[in-house]
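Residue numbers start from 1 in every chain, and the chains themselves are labelled A, B, ... in the order their sequence lines are given, proteins ahead of strands. Both backbone and side-chain heavy atoms feed into the values below; hydrogens, waters and symmetry mates do not.
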Amino acid sequence: MKNFYITTTLPYVNADPHIGFALEIVQADAIARYQRMLGNDVIFNTGTDEHGLKIHRKALEQGMSTQEYVDGYAVKFGKLKDSLNLSYTHFIRTTDAHHKAAAQEFWKRCEANGDIYKKSYQVKYCVGCELEKTDSELVDDKCPIHPTYEIEMISEENYFFKFSAYQEKLLKLYEQEHFIVPQHRQHEIRAFVERGLQDFSISRLKEKMPWGVPVPGDEDQVMYVWFDALVNYISTLGWPQDEEKFKTFWPGVQVAGKDNLRQQTAMWQAMLLSAQLPASKQIFIHGFITAEGKKMSKSVGNVVAPYDVVEKYGTDAVRYFLLGGLPSYEDGDWSVTRFEEFYTAHLANGVGNLTSRVLTMVEKYSDGNIPPKAEKINFNIRSIRTIEDEFGNEETTIIKNFVDEFWENYETLFKRYSFDFVVQEINNFIASLDFIISEQKPWEKAKIGEDISGLLYQLAEGLRHIGLALLPIIPASAEKILSQLGIDVSTLETLEIESEWGGLLPGTKITKGDMLFPRLEK
RNA sequence: CGCGGGGUAGAGCAGUCUGGCAGCUCGCCGGGCUCAUAACCCGGAGGUCACCGGUUCAAAUCCGGUCCCCGCAACCA
């Protein structure tokens, strides 16, 4: 048994949960569940990023204390666990005392390494707004809200992190193949680092922005939110107090959106190097979700809320679409038509219907008991994937060969985080069973008194494999399939053992349940 | 010359790294079947792989160029 650590990024709590974050956390959940099936001990971390000016301001606007404000959001994000059936083991809030202490210790290590220095720099300031402005916020060097005021230059002393010192080391890190998945993201960040790095500011004046982790040894400054937030990936593991536990789980796998590429694969990695800690093991970068072909935005009002769609379609339908209906590496589109099409084609007509027809046949033709195993039955599986024997004959393979190949592909695709192809592979398996049923016509054979027990066994056993394969994707429905086949999910062995052909015990009583995926109302 | 993604059947996409019969889902047309959730199975129609040029026995794929769309720099993952 190995230890496996996976973490999402922490969503910033200035808005309600977003379907994009639901994608990220469901992907991480599928990976965590898959790793557990392999028999590994898994720590799966998520949480909330709760510091910074934007949050502080929002709380002020809403007339509540900042703590009250973030507490409310922590609850909202925590509810995703039930809503999306998540299996995370750790939920960290960056306002947790142990996290703040860890962030300060991390700071000290970087400082001890000579990577933190104080510098005064110029900021542009609009007196009208009483706020700092970046160049991109200004039009013709004026604040668009207060064009009659002159922008003032004020100078502020902040701490900086020597990002520039890590260019070579980062480039070295990117030589490692598959450090970032997909590959083109690794190329992208490498190109960015090659262009040269600038030290970045990692603190803010406390009098302007009190809502942050105090900088060790300087009463007047708090950490800039990014610096403290990134440390969560290791503070959640008990670093620095529990060095032993930390070492057994770190480095881990990180999941992040493409907007986070620089922070996760460059800044955070440089920070780890500075604190003399191992770099992340691997970082998976997912794309964004558009809504009906358009970018989701609050002002347009087309933001898809995970709670709404779960309420309408159910947890597993949403998980299935997020993982199987969107490209795993690129941007994808959330549209009601596409969602419903996918649901009908693959959940209702696919796995739902297959489960129903297989179980009904076992009921009707085998008194509801799993029949004896077949020695060998030949199936034509040409519609699924052409497998030829040494004579070039396509029709001499039995379902077992097919299953072995299926699990091989399943593993490869899962380890590449190609969830869309994993789901496609499962759908192909389902289609193959549907095809075999049509081809073998068990109802006809039963009518003329032919023995179909071997065939029924293989179909039920095939369904068991589909149930297993679906466990990380749609856990609740997969458990239903398995329990209808008389399998208690809590007694499952590792995937290596369970994926062997023939695990289903003849004589087991099956119990047909309700429809897994009812058809959507037209 | 800021960074990145994309243009493939009516729609949505895969295939491009590593050149080798252009594929998948939905929709459409025709047929089959009754174990199953109006489901399932078979067959069919539908393509200038954005455009121009090059390399090659062979290009959606590699090389050079052109056009167009989208995202990031502003709430928002």
Checklist line | First of A/Leu23 and A/Lys258 reached from the 5' end of RNA chain B, by closest nucleotide | finding: A/Lys258

Identify all pairs in which a protein N or O lies below 3.5 Å from an N or O of nucleotides 12-16 of chain B, and state each distance.
residue	atom	partner	partner atom	Å
B/rG12	O2'	A/Arg338	NH1	2.8

Item checked: Whole-Å gap separating P (B/rG32) and CZ (A/Phe435) -> 18 Å

Item checked: Test side-chain contact (heavy atoms from CB on, under 4.5 Å) applied to A/Tyr166 and A/Phe161, step by step -> CA-CA 10 Å; A/Tyr166 287 92; A/Phe161 177 73; 4.1 Å; yes

Margin query: Could you tell me the Watson-Crick or G-U partner of B/rC40, where both distances fall under 3.5 Å? Say none if there is no partner.
Written below: B/rG32

Notebook entry, point to check: When the distance from OH of A/Tyr12 to P of B/rC75 is rounded to whole Å, what number comes out?
Noted result: 11 Å

Next item on the list: Taking the six-membered ring for Trp and the single ring otherwise, decide whether the centroids of A/Trp443 and A/Tyr365 are under 6.0 Å apart.
Entry: no

Next item on the list: Under a 3.5 Å limit for both distances, which nucleotide forms a Watson-Crick or G-U wobble pair with B/rG4, could you say?
Entry: B/rC70

Collect all protein-nucleotide pairs involving nucleotides 33-37 of chain B in which both atoms are nitrogen or oxygen and the distance is under 3.5 Å.
residue	atom	partner	partner atom	Å
B/rC35	O3'	A/Lys364	NZ	3.4
B/rC35	O2'	A/Arg357	O	3.4
B/rC35	O2	A/Arg357	NE	3.0
B/rC35	N3	A/Arg357	NE	3.4
B/rC35	N3	A/Arg357	NH2	2.5
B/rC35	N4	A/Arg357	NH2	3.2
B/rA36	OP1	A/Lys364	NZ	3.4
B/rA36	O3'	A/Ser356	OG	3.2
B/rA36	O2'	A/Asn353	OD1	2.5
B/rA36	O2'	A/Ser356	OG	3.3
B/rA36	N1	A/Arg357	NH2	3.2
B/rA36	N3	A/Asn353	ND2	3.4
B/rA36	N3	A/Arg357	NE	3.0
B/rU37	O2	A/Phe517	O	3.4
B/rU37	N3	A/Phe517	O	3.0
B/rU37	O4	A/Gly352	O	3.0
B/rU37	O4	A/Asn353	N	3.3

Next item on the list: Name the nucleic acid region contacted by A/Glu24, choosing base, sugar-phosphate or nothing; use a 4.0 angstrom heavy-atom cut-off, strictly under.
Entry: nothing

Check: A/Lys294 NZ to B/rC75 P: how many Å, rounded?
Finding: 21 Å

Checklist line | Residue closer to the 5' end of RNA chain B, A/Glu341 versus A/His286 (nearest nucleotide) | finding: A/Glu341

Next item on the list: Answer with yes or no whether the side chains of A/Ser335 and A/Asp333 bring together a donor and an acceptor at under 3.5 Å.
Entry: no

Note to self: Just to be sure I understand the rule, does A/Gly20 reach a base, reach only the sugar-phosphate, or reach nothing, if contact means heavy atoms closer than 4.0 Å?
What the structure shows: base

Next item on the list: Please state how far atom CG in A/Leu261 lies from atom C1' in B/rG5, giving the value in whole angstrom units.
Entry: 13 Å

Next item on the list: Would you classify A/Ile289 as touching base, sugar-phosphate or nothing, given that sugar-phosphate means primed atoms plus P, OP1 and OP2, and contacts are heavy atoms under 4.0 Å?
Entry: base

Checklist line | Rounded distance (Å) that lies between atom P of B/rC26 and atom CG of A/Leu520 | finding: 15 Å

Next item on the list: Using a strict 4.0 Å threshold on nitrogen-to-oxygen distance, state whether A/Arg93 and A/Asp49 make a salt bridge.
Entry: no

Check: What's the CD-C1' distance between A/Gln198 and B/rG2, to the nearest Å?
Finding: 14 Å

Check: side-chain hydrogen bond (donor to acceptor under 3.5 Å, both in side chains) with A/Asn232: which of A/Thr48, A/Asn45, A/Thr46?
Finding: A/Asn45

Check: What's the CG-C1' distance between A/Asp259 and B/rC3, to the nearest Å?
Finding: 14 Å

Item checked: Non-hydrogen side-chain atoms of A/Ile430 and A/Asn427 separated by less than 4.5 Å -> yes

Next item on the list: May I ask which nucleotide in the shown strands pairs with B/rG23, Watson-Crick or G-U wobble, both distances under 3.5 Å?
Entry: B/rC13

Note to self: Whole angstroms only, please: what is the CZ-P distance between A/Phe288 and B/rG71?
What the structure shows: 12 Å

